[in-house]
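Reviewing the structure listed below.
A, B, ... follow the sequence lines: proteins, then strands. Residue 1 opens every chain. Hydrogens, waters and symmetry mates are skipped; everything else that's a heavy atom, side chains included, is used.
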There are 2 protein chains.
Amino acid sequence: MNKRVTLADVAAHAGVSRATASLVIRDAGNLADSTRERVRSSMLALGYVYHRGAASLRASQTKTVGLILPDPAYAFMGEMAISLESALAERGLLLLTANAFEDPQRQERLLRALIENQVDGLVVLPALGTDEAFADRLAATGIPTVVTIRAEAAHRTTYVGIDNVRGGELAGEHLLAHGCRQFVYLGGLVGLRPRQDRMTGLNAALARVPGARLVAHRPGPALGRWARDAAARLLAEGPVPDAIVCHNDPVAFGVYRALRDVAPHLVDRVRVVAFDDVDEAALWEPPISSVAANGREVGRRTATALLRLMDDPLAEPEVVLLQPELVVRRSCGCPAA
Amino acid sequence: MNKRVTLADVAAHAGVSRATASLVIRDAGNLADSTRERVRSSMLALGYVYHRGAASLRASQTKTVGLILPDPAYAFMGEMAISLESALAERGLLLLTANAFEDPQRQERLLRALIENQVDGLVVLPALGTDEAFADRLAATGIPTVVTIRAEAAHRTTYVGIDNVRGGELAGEHLLAHGCRQFVYLGGLVGLRPRQDRMTGLNAALARVPGARLVAHRPGPALGRWARDAAARLLAEGPVPDAIVCHNDPVAFGVYRALRDVAPHLVDRVRVVAFDDVDEAALWEPPISSVAANGREVGRRTATALLRLMDDPLAEPEVVLLQPELVVRRSCGCPAA
DNA sequence: TTGTAGGCGTTATCAT
DNA sequence: ATGATAACGCCTACAA
């Protein structure tokens, strides 16, 4: 339980002042190489560890960025987080990730915790049930903030996301070309923009073709198990649709499980298009056609936008919309590539 | 760009001293309710935000715990992280997650960053290529630390993990009972304990049955795409094994993709058992039999072990080994449940 | 029950 | 090229 080694100790050991030692640590100022060396070896000899907390207090910046995620189970968001973290690391920024588990209250607490920890920047992927008040509080923090993927809280803050309307349109157009007319939209949480937008796009495409329509839509957590049960119910209840548009890939996985368990003869008749294009989508049987969004790209762009905000506090908020692409495989009815 | 609201401002506004205001924030001391109220409303009125950094500097504890993960793409580790985070949150601890991407150098940098940020505790899931030196450095930090899942760096630190030897045995025994004799072990990174241990257990089971043997093992990143290619190569090269033991569920997904693409007639002949039992395993066709490890349980136990260490700095390191269970589905050759 | 004073470890400013 | 000194915002004795 020996006392902490501080900069003062190092300075004393090296026979210089604290100020000089500080400059050595930060590779700053104009110092003689010999001094640099001397201080460096003193640091090593004493086992000195930089106290970023103290530095932060003084310099009033922590070199950390907070990330609030709604649920780590969504692989797509994980991809986003990965590239965001890498991009920030290149600038010496540490990304502090925290999960709200789709709980607005928990999200609130995390936001406060992050603010109290003086993060220099903030990336928020709003949880389900995020309200206007949260968006306002976000804007009021004065911390450079960018909202991603879910546009919910992006009032006056920068937003980086995907053009989901276009995505829904893409899915619809392709399935229409296959001759599908009766559509179902499965999964996605009510009141969250991505679902809303994708359905808007889908409906727009359907409206252009006489006889085409959305016969049902079932909202829900975009998870495989939920989707399996939801799809089983759907198949039991009513007429079989020509096409099921799945809110994400795991939903498609669940749909096929249900199809095989409940109505194996329909596996090749019902056409499926999903969103996100997670790794597993290509491995599934049949390989899932999916509207790909490229989480890594979203992460990169988010980083860029955030750094811009952090570098220039006066920078205007912006909206970055990335265009999705349909990756055609077999679940939509196309022959094997 | 107005100046920061500090505790002193609040105190002045409420007509009390800084010390009193401080006590109010922390719900500590013996204060008159009226004083409490007055200070509280002053905080609200001024829009005061607690500066945890300053508090940490003074109290020399940050109420944060660092988590180093090797790769966020492994769903199993995500599960672990979830329950760990929840458990810590109950104690008012913020979990700071950082990803090393299986890169020991990056892991090294993250460790340093976390230490510099004065985390009160540390949970490490060692990256590929973690060496003894890292383990030593970990122990030398003096920070309460627990290593999970991969036993690599658990020299003198607490370790919470899964009994992988038993897991391998479980997989082997079940497949042997199905009459399998020619085994292949697919995936898992060389030099990482989980793979090594599972193979040890598998071999132990095989040794008990005459004629049973491991005809091949292919190490690799435990990802679906890699597994698809590896399995395709395996099928092209040599005699078809009776059973493929997959390092995790995604590997099994890849195996089935390869089977269907390269040798569809073998889909029902080759028996497969995987590890982890991720959500998708139950949805796959065929549903994957998997040695389940319960990441959430690992997370909970990790939290318990860490809190013990943090509460009592003199606590001895311990080793917690959780027992896995085989979840039987169809990929092993069992009939549908 | 409340106030006073000093310090946590670093960095910025101004001298020298 | 280097040093002295004063913050940064809070907490903890101890005193009143």
Quick one: do A:Arg106 and B:Glu85 make a salt bridge, cutoff under 4.0 Å? yes
Would you mind telling me which residue lines up with the more 5' stretch of DNA chain C, A:Ile25 or B:Ala32, judged by nearest nucleotide? B:Ala32
Separation of C:dT2 C1' from B:Arg38 CZ (nearest whole Å): 11 Å
Interatomic distance where CG belongs to B:Leu31 and C1' belongs to C:dT1 [whole Å]: 7 Å
Check every strand shown and say whether A:Ser56 touches a base, only sugar-phosphate, or nothing at a heavy-atom separation below 4.0 Å. nothing
Atom-to-atom span, CZ of A:Arg36 to P of D:dA1 - whole angstrom: 10 Å
Atom pair CZ/CG of A:Arg40 and A:Asp33 - distance to nearest 0.5 Å: 9.0 Å
Check every strand shown and say whether B:Thr6 touches a base, only sugar-phosphate, or nothing at a heavy-atom separation below 4.0 Å. sugar-phosphate
Any side-chain heavy-atom pair from B:Val320 and B:Leu322 closer than 4.5 angstrom? yes
Atom-to-atom span, CG of B:Leu57 to P of D:dT12 - whole angstrom: 12 Å
Five-pair end axes of the helix from C:dT1-D:dA16 to C:dT16-D:dA1 and the angle they enclose, rounded to 10°: 30°
For nucleotides 3-7 of chain C, print each protein N/O atom paired with a nucleotide N/O atom at under 3.5 Å, atom names and distance only.
unit_1: C:dG3; atom_1: OP2; unit_2: B:Ser17; atom_2: N; d: 2.8
unit_1: C:dG3; atom_1: OP2; unit_2: B:Ser17; atom_2: OG; d: 3.4
unit_1: C:dG3; atom_1: OP2; unit_2: B:Thr20; atom_2: OG1; d: 2.9
unit_1: C:dG6; atom_1: O6; unit_2: B:Arg18; atom_2: NH2; d: 2.8
unit_1: C:dG6; atom_1: N2; unit_2: B:Arg58; atom_2: NH1; d: 2.2
unit_1: C:dG7; atom_1: N2; unit_2: B:Arg58; atom_2: NH1; d: 3.3

How about A:Arg112: does its CZ atom have over 12 heavy atoms from other parts shown lying under 6.0 Å from it? no
Report the distance from atom CG of A:Asp9 to atom P of C:dC8, rounded to the nearest whole Å. 11 Å
Starting at CD of A:Gln118 and ending at P of C:dT10, how long is that distance when rounded to a whole Å? 18 Å
Within the 4.0 Å heavy-atom criterion, would you say A:Arg26 contacts the bases, only the backbone, or no part of the nucleic acid? sugar-phosphate
Should B:Ser22 be listed as having a side-chain N or O under 4.0 Å from OP1 or OP2 of D:dC11? yes
Which distance, rounded to the nearest 0.5 Å, do you find between the CG of B:Leu125 and the CG of B:Leu69? 5.5 Å
For A:Phe101 and B:Ser86, work out which heavy atoms get closest and say how close. CE1-OG, 3.9 Å
Gap between atom CG of A:Asn99 and atom CD of A:Gln107 - 0.5 Å precision: 11.0 Å
dist A:Arg52:CZ -> A:Thr62:OG1 (nearest 0.5 Å) comes out at 9.0 Å
Please tell me which of A:His51 and B:Leu23 maps to the more 5' nucleotide of DNA chain C, matching each residue to the nucleotide holding its nearest heavy atom. B:Leu23
A:Gln61 CD to D:dG9 P, in whole Å, measures 14 Å
Whole angstrom is fine here: how far is it from CG in B:Asp33 over to P in C:dT1? 10 Å
Please say whether more than 12 non-hydrogen atoms of neighbouring residues, nucleotides or ligands are located less than 6.0 Å from CZ in B:Arg36. yes
